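The next block holds one structure in the form of structure tokens; read it before the comments.
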Amino acid sequence: MSAAAPHVIVSPGPVHAALTSWYHHAARDLPWRRRDCTPWGVLVSEAMLQQTPVSRVVPRWQEWMRRWPEPKDAALAPVAEILTVWDRLGYPRRALRLREAAQTIVDRHGGRVPETADELRKLPGVGEYTAAAVACFAFEEPEVVVDTNIRRVLARLFAGQALPGKTYTADQRRLARDVFPDPEADGGQLACTWNIAAMELGALVCTARSPACSECPAAQLCTWRLAGSPPPTEEQRTRAQSWAGSDRQVRGAIMAALRIGGVVERSDLLDGLPLPTVDLVQRRRCLESLLSDGLAEQQGERVALPGAHSRC
DNA sequence: AAAGCGGGGCA
DNA sequence: TGCCCAGCTTT
């Protein structure tokens, strides 16, 4: 037993009622939430939404689903095309893994997205969160879903903290389980709605920077609010990864050049990138890492997106 | 448990 | 400029 474990004082029941009721009229109309969205569409959305805001995902999701409406379509798509459609969503390794997941679904699941969190978890790029989310949102399985929004909402509602801290700890996982609705109460309906409602509240009302507590359906039940909304501690404040000058920036610039230029001379890639600094060691390191990741391909003295045909 | 991995938008 | 955003993989 951990001495630092937060104890749930507020009864979860009224909070479940407040948030799920709120969700029914406040929810955004997102394409992957519609009745006619397939499990594959839900999986694609979750892969794209890993670390990328909804507003930037919507158009890329629509283009992806138009081209590859089923797993078998994405499984056959050239990597170059996958990465081009992915465009600047970021973390392009996610796109490769989504394609690999499609291939696994075809090879091992008859082309249909598996329905349980345990099976989903085995797919490339599918971790604890995504497995639970797809099982819940696509198949109405009452899995405990915990994303960055839900972590923050639970920290405030039940632990009285302004922010949940940078890493997902065992205490937070325990809290999420402790306040989760009874999965067997009504066939899992409440549990699934609770997941999406808590997530939506975190996205629209209980935001990280300036929460709109006056609009919160659970403000009167919120432990953090009742404690006077104490500010986050120094430890809870996340320190951002630097961006300028980072390998991620250089990798991103190389990928952008490959998407636009098709097949590019290796030398042009190393000294012709639109970046503020020219660090040849770093550029070489980043190019090698992209080749190693399978995000780029060497063709003689040229470099291209994997599968892109050379002009020779 | 911590580090690495994109990119855009807003305070 | 700093910070935030429907995480996963590797160590």
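Just so it is clear: chains get the letters A, B, ... in the order the sequence lines come, proteins before strands, and each one is counted from 1. Remember, predicted model here, so these are calculated numbers, not experimental data.
Within the nucleic acid shown, Ala133(A) has no heavy atom closer than 4.0 Å to any nucleic acid atom. At the heavy-atom level, Trp32(A) lies under 4.0 Å from base atoms of the strands shown. Across all strands shown, Ile254(A) has no heavy atoms under 4.0 Å from either base or sugar-phosphate atoms.
Here the separation of dA6(C) from dG4(B), taken at their P atoms, is 24 Å to the nearest Å.
Nucleotides of DNA chain B nearest to Leu290(A) and Ala170(A) differ in position, and the one nearer the 5' end is that of Ala170(A).
Using a cut-off of 4.0 Å between Lys/Arg side-chain N and Asp/Glu carboxylate O, Arg283(A) and Asp271(A) are scored as not salt-bridged. We find that Arg121(A) and Asp118(A) are not joined by a salt bridge, their nearest charged nitrogen and carboxylate oxygen being 4.0 Å or further apart. Look at Glu63(A) and Arg60(A) and you find no salt bridge, because none of the NZ, NE, NH1 or NH2 atoms lies under 4.0 Å from a carboxylate O. Salt-bridge formation is detected for the pair Arg259(A)/Asp87(A): a Lys NZ or Arg NE/NH1/NH2 atom is positioned less than 4.0 Å from an Asp or Glu carboxylate oxygen. Remark: Arg302(A) engages Glu265(A) in a salt bridge, criterion side-chain N to carboxylate O under 4.0 Å.
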Do any N or O atoms of the protein come closer than 3.5 Å to N or O atoms of nucleotides 7-11 of chain B, and which pairs are they?
from   : atom 1 : to       : atom 2 : distance (Å)
dG7(B) : N2     : Arg56(A) : NH1    : 3.2
dG7(B) : N3     : Arg56(A) : NH1    : 3.2
dG8(B) : OP1    : Arg88(A) : NH1    : 2.9

Any protein N or O atoms within reach of nucleotides 9-11 of chain C? Criterion: under 3.5 Å, listing atom names and distances.
from   : atom 1 : to        : atom 2 : distance (Å)
dT9(C) : OP1    : Gly125(A) : N      : 2.8

Kindly indicate, with the supporting measurements, whether the criterion salt bridge (Lys or Arg N to Asp or Glu O under 4.0 Å) is fulfilled by Arg251(A) and Glu288(A). CA-CA 10 Å; Arg251(A) 284 167 55 103; Glu288(A) 291 309 315; over 6 Å; no
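Relative to the side chain of Thr167(A), the nucleotides dA2(B), dC5(C), dA6(C) differ in distance, and dA2(B) lies closest.
Between the side chains of Arg174(A) and Thr169(A), no donor N or O sits under 3.5 Å from an acceptor N or O.
In this model, the phosphate group of dC5(C) is approached by a side-chain N or O of Arg152(A) to a distance below 4.0 Å at OP1 or OP2. The phosphate of dC8(C) has OP1 or OP2 within less than 4.0 Å of a side-chain N or O from Thr130(A).
Annotation: cation-pi geometry not satisfied between Arg33(A) and Phe137(A) (NZ/CZ under 6.0 angstrom from ring centroid, within 45° of ring axis).
One can find a donor-acceptor pair under 3.5 Å joining the base of dA6(C) and the side-chain atoms of Arg33(A).
Atom NE2 in His109(A) sits 8.0 Å away from atom CG in Leu120(A) (nearest 0.5 Å).
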